[in-house]
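In what follows, chains are A, B, ... by sequence order, proteins preceding strands, each numbered from 1.
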Amino acid sequence: MNASDNSIRVTLPDGAVRVVTRGTTPASIAASIGPGLAKAALAARINGALADLDLPIEADATLSIVTRKDADALELIRHDCAHLLAMAVQELFPGTQVTIGPVIEDGFFYDFARNEPFTPDDLPRIEARMKEIVARDAATRREVWPRDKAIAHFKAMGESFKAEIIADLPESEAIKIYWHGDWHDLCRGPHLMSTGKIGTAFKLMKVAGAYWRGDSKNQQLQRIYGTAWRDEKELAAHLHRLEEAEKRDHRRLGKEMDLFHIQEEAVGQVFWHPKGHALYRTLENYIRRKIDARGYVEVKTPMLLDRTLWERSGHWAKYRANMFIAEVEDEKKTLAIKPMNCPGHVQIFNQGLKSYRDLPIRMAEFGACHRYEPSGALSGIMRVRGFTQDDAHIFCEPHRMVDEAIKASELIFETYRELGFDDVKVKLSTRPDERIGSDAIWDKAEADLAEACKRLSIPYDMNPGEGAFYGPKLEFTLFDAIGRGWQCGTVQVDFNLPDRFDAEYVAEDGSRKRPAMLHRAVLGSMERFIGVVIEHYAGKFPLWLAPVQAVVATIVSDADDYAGEVRRQLRLAGLRVEADTRNEKINYKIREHSLAKVPVMLVAGKREAEEGTVTIRRLGVEKQETLKLGDAIALLAKEATPPDLR
RNA sequence: GCCGGCUUAGCUCAGGGGUAGAGCAGCGGUUUUGUAAACCGUUGGUCGGGGGUUCAAUUCCCUCAGCCGGCACCA
């Protein structure tokens, strides 16, 4: 063996090349660059892949040293935190089995198997132990074990879940065991060189149940969630963001702003209060104008339909568990409350003979649907059992499907933009295992939806196997002001219903043909969308959406009559206005209506009453402006114009 | 549906085996006020429902419901 065989070339990020002995570790290269870097080093990136600092480099490679400042650091810290958590839990609660503990957005979790539940009180104890282990600065050691030895070892320890994981690893995978002091776990790594490197910018957040391997048929484990960051400042910032998110929670704002409520006797259904319903109507009318302008026809179909119809549609077989059923005593009938509007729309289509000249028929309905959702799925007005879809079904000649999918998608994008959502992602969900229709039909429908996206030049992600049993779909997810995604709009192809209900039209050649059917919703559910809008704007709605657009607040009781007149004229101009003539100081009124997030306050004191003016004060803005009443009305009416009418 | 937590006045919340409190809101007054809380007085609760233990339960136990956080689900 000559000397050159023992040398390798390591290329650093700045392009510099170091010739080192084969088997040199990133740690020693870092040390040779400088003691500061050696100290700051958390891990290495060898040929682009994250690796342990003590992993010998065996061939020419590119190398970068990962420090706390790098984006990768978070991933490493969080991964180590998961181990730290498992270690602390096993020290404090002997007999607890470890399973998996991955890195997730903002943090990590670890799933444990233990008979007694963890309580929220356990979290501070575990967290304290984690910090103790960090202070211990236990060294990390990596070992590679033969598979059989590893399985036998973990089985002997009573760690049956770990043994199962190892047994399921592909043969090609090396079984790596990481030691942190005298605690060890199976892990693919990499890890920081000691527990002291993790730092203490972490916090355990919550305990939850989670099924082994995500399957509800399996044993339920106990999951502990934590968040972890590079330093205390980042942690504090994250906790602050959570607090801010809580402030815009639609359930909280719904109560504070008197928009809606839900009560025990109508679980999963919304009582819309006057202000909430003002918002609801504004959105509904807006959507109605948009679809009217695009050649839709609006219909209304029955809430209760006989069981036989649901049998024919296929819902009784496929969707029965989610349907509310109504038995009628006098007649021997079973009715179901509609969970979807589509079967009803096909009934309307089927009345009378349709010609190809009549197509496309774009049949819309603000359709109230009810679905029996699992109790654990309910959440405020975001996930409910009674909701209204801004639904439509488009019956068209099969070759027009791409065009119609394009039109529907354009409507969705335009609507989101006008409502203040610019960040939208599209997914194409393709054939699920359980489905109807031939592969040829699916090929065509999936290709049509993809073609629609292509022609619109919108990027989309594939979502394989997630289509409906009756056809593929495009799903539109919008992202709100704090970056959370909400799936709202959808465009779906349906091969099922036209067939089952024998929908037909007379084609150009006089033959009877089956129309293609497209389901689409823009907002999805009114309830859910309003929830999203509330959280997106944190209750501070743009003027056109605000439930109360302006409050006329008096300073002295002499201005009461004038305030009434101002209110009357603003209402004539189409604005939602209240007058506050209570015997309170203007400070008090300003404060109260500011907290209520009323966008515009019109102050009317003695001066304004005499001069026929109002003083406008905008929400959160101290600067005021006094205008002639007529000018103020014109200004506000213009500002309050819905985006589609501007 | 599953795991855990929670449920006290209209709202936000404190309390705790001997029969319940605060702030705000409400109501009654006084005050006529100029841009984020004027002052005085005052009403208000089967402590989520049911059952049990106890001389005594809002408090402890069981059970049901709802809500919250996850998991599963979202045709």
key: Given B/G69, B/C73, B/C67, the nucleotide with the shortest approach to the side chain of A/Val267   = B/C67
task = Only counting residues at least two apart or in another chain, list the ones meeting side-chain hydrogen bond (donor to acceptor under 3.5 Å, both in side chains) with A/Arg252.
result = A/Glu256
query = How long is the line joining CD1 of A/Ile590 and P of B/U33, in whole Å?
reply = 17 Å
ask   = Which nucleotide, B/U35, B/A65, B/C68, lies nearest any side-chain atom of A/Glu264?
value = B/A65
ask   = Are any of A/Lys585's side-chain N or O atoms less than 4.0 Å away from OP1 or OP2 of B/A38?
value = no
inquiry  = Rounded to whole Å, how long is the line connecting atom NZ of A/Lys606 with atom P of B/U32?
reply    = 13 Å
Listed nucleotide nearest any side-chain atom of A/Val556, set B/U32, B/C73, B/C68 = B/U32
ask   = So what does A/Ile586 hit on the nucleic acid, given a heavy-atom distance under 4.0 Å: a base, only sugar-phosphate, or nothing?
value = sugar-phosphate
ask   = According to a strict under-4.0 Å criterion, is A/Arg591 in side-chain N/O contact with OP1 or OP2 of B/A38?
value = no
task = For each nucleotide in nucleotides 2-9 of chain B, reading 5' to 3', give B when a protein heavy atom comes within less than 4.0 Å of its base, S when such contact involves only the sugar-phosphate, and - otherwise.
result = BBSS----
Scan nucleotides 22-27 of chain B against the protein and return all N/O pairs shorter than 3.5 Å with their distances rounded to 0.1 Å.
unit_1	atom_1	unit_2	atom_2	d
B/A25	OP1	A/Tyr588	OH	3.1

ask   = Can you check whether A/Asn587 has a side-chain N or O nearer than 4.0 Å to OP1 or OP2 of B/A36?
value = yes
task = Check every strand shown and say whether A/Lys318 touches a base, only sugar-phosphate, or nothing at a heavy-atom separation below 4.0 Å.
result = nothing
message = Base, sugar-phosphate or nothing for A/Ala377? Non-hydrogen atoms, less than 4.0 Å.
response = base
request  = Evaluate ring-ring contact (aromatic ring centres under 6.0 Å, His included) for A/Tyr110 paired with A/Phe108, printing each intermediate quantity in order.
outcome  = CA-CA 7 Å; A/Tyr110 211 110; A/Phe108 60 93; 9.0 Å; no
remark   = A/Glu611 atom CD is separated from B/G34 atom C1', nearest whole Å, by 13 Å
task = Can you tell me, in whole Å, how much space there is between the C1' of B/G48 and that of B/U54?
result = 23 Å
ask   = Parallel, tilted or perpendicular: which describes the rings of A/Phe324 and A/Tyr372, with under 30° parallel and over 60° perpendicular?
value = perpendicular
query = NA contact type, A/Glu608, heavy-atom cut-off 4.0 Å: base, sugar-phosphate, or nothing?
reply = base
Pairing pattern in dot-bracket form [Watson-Crick, G-U; both distances under 3.5 Å; | = partner strand] for RNA chain B = (((((((..((((....[..)))).(((((.......))))).....(((((..]....))))))))))))....
query = Just by modelled atom types, is the A/Lys606 backbone N or O under 3.5 Å from a matching donor or acceptor in the A/Asp558 side chain?
reply = no
query = For the ring pair A/Trp310 and A/His315, is the centre-to-centre distance below 6.0 Å?
reply = yes
remark   = side-chain hydrogen bond (donor to acceptor under 3.5 Å, both in side chains) filter on A/Thr477, not counting sequence neighbours, yields none
key: Nearest-angstrom distance, C1' atom, B/G45 to B/C11   = 14 Å
inquiry  = Please classify the nucleic acid contact of A/Lys473 as base, sugar-phosphate, or nothing, using heavy-atom distances under 4.0 Å.
reply    = sugar-phosphate
request  = May I ask you to list the residues of residues 107-115 of chain A, by number, that have any heavy atom positioned under 4.0 Å from an atom of RNA chain B?
outcome  = none
inquiry  = Just the rounded figure in Å: distance from C1' of B/G1 to CG of A/Asp215.
reply    = 14 Å
query = Could you give the CD-to-P distance, from A/Glu434 to B/C74, as a whole number of Å?
reply = 11 Å
task = Provide the distance between the two P atoms, one in B/C3 and one in B/G49, to the nearest whole Å.
result = 24 Å
Protein-nucleotide distance (A/Leu378, atom CG; B/G70, atom C1'), rounded to Å = 15 Å
key: Atom-pair distance (CG on A/Leu595; P on B/U35), nearest Å   = 17 Å
request  = Calculate the interatomic distance between A/Tyr470 atom OH and B/C74 atom P; express it in whole Å.
outcome  = 13 Å
message = Ring of A/Phe118, cation from A/Arg114 - is the NZ or CZ under 6.0 Å from the centre and inside 45° of the axis?
response = yes
ask   = When the P atoms of B/G18 and B/U58 are considered, how many whole Å apart are they?
value = 11 Å
request  = Using the C1' atom on both, measure B/U35 against B/U30 and round to a whole Å.
outcome  = 24 Å
task = Look at A/Arg617 and B/A36 and indicate whether a side-chain polar atom (N or O) is within less than 4.0 Å of OP1 or OP2.
result = yes
request  = Flag the pair A/Asp249 and A/Arg251 as a salt bridge only when some basic side-chain nitrogen lies within less than 4.0 angstrom of an acidic carboxylate oxygen.
outcome  = yes
remark   = Rounded to the nearest 0.5 Å, the OG1 atom of A/Thr301 sits from the CE atom of A/Met363 at a distance of 9.5 Å
ask   = Heavy atoms under 4.0 Å, any strand shown: does A/Gly380 hit a base, just sugar-phosphate, or nothing?
value = sugar-phosphate
request  = Run the numbers on A/Tyr562 and A/Glu610 for side-chain hydrogen bond (donor to acceptor under 3.5 Å, both in side chains), then give the verdict.
outcome  = CA-CA 9 Å; A/Tyr562 179 64; A/Glu610 280 166 1; over 6 Å; no
ask   = How is A/Arg607 classified with respect to the nucleic acid when contacts are heavy atoms under 4.0 Å: base, sugar-phosphate, or nothing?
value = base
task = On the 0 to 90° scale, with breaks at 30° and 60°, tag the A/Phe529-A/Tyr416 ring pair as parallel, tilted or perpendicular.
result = parallel
message = When the C1' atoms of B/G5 and B/G51 are compared, how many Å lie between them, rounded to an integer?
response = 23 Å
remark   = The nucleotide from B/G69, B/G70, B/G34 with an atom nearest the side chain of A/Tyr225 is B/G70
query = Would you call the rings of A/His261 and A/Phe271 parallel, tilted or perpendicular, where under 30° means parallel and over 60° means perpendicular?
reply = parallel
key: Donor-acceptor pair (no angle test) under 3.5 Å: A/Arg252 side chain, B/C11 base   = no
query = Taking atom C1' in both B/A20 and B/U8, what distance in whole Å separates the two?
reply = 8 Å
Whole-Å C1' distance, B/U43 and B/G50 = 31 Å
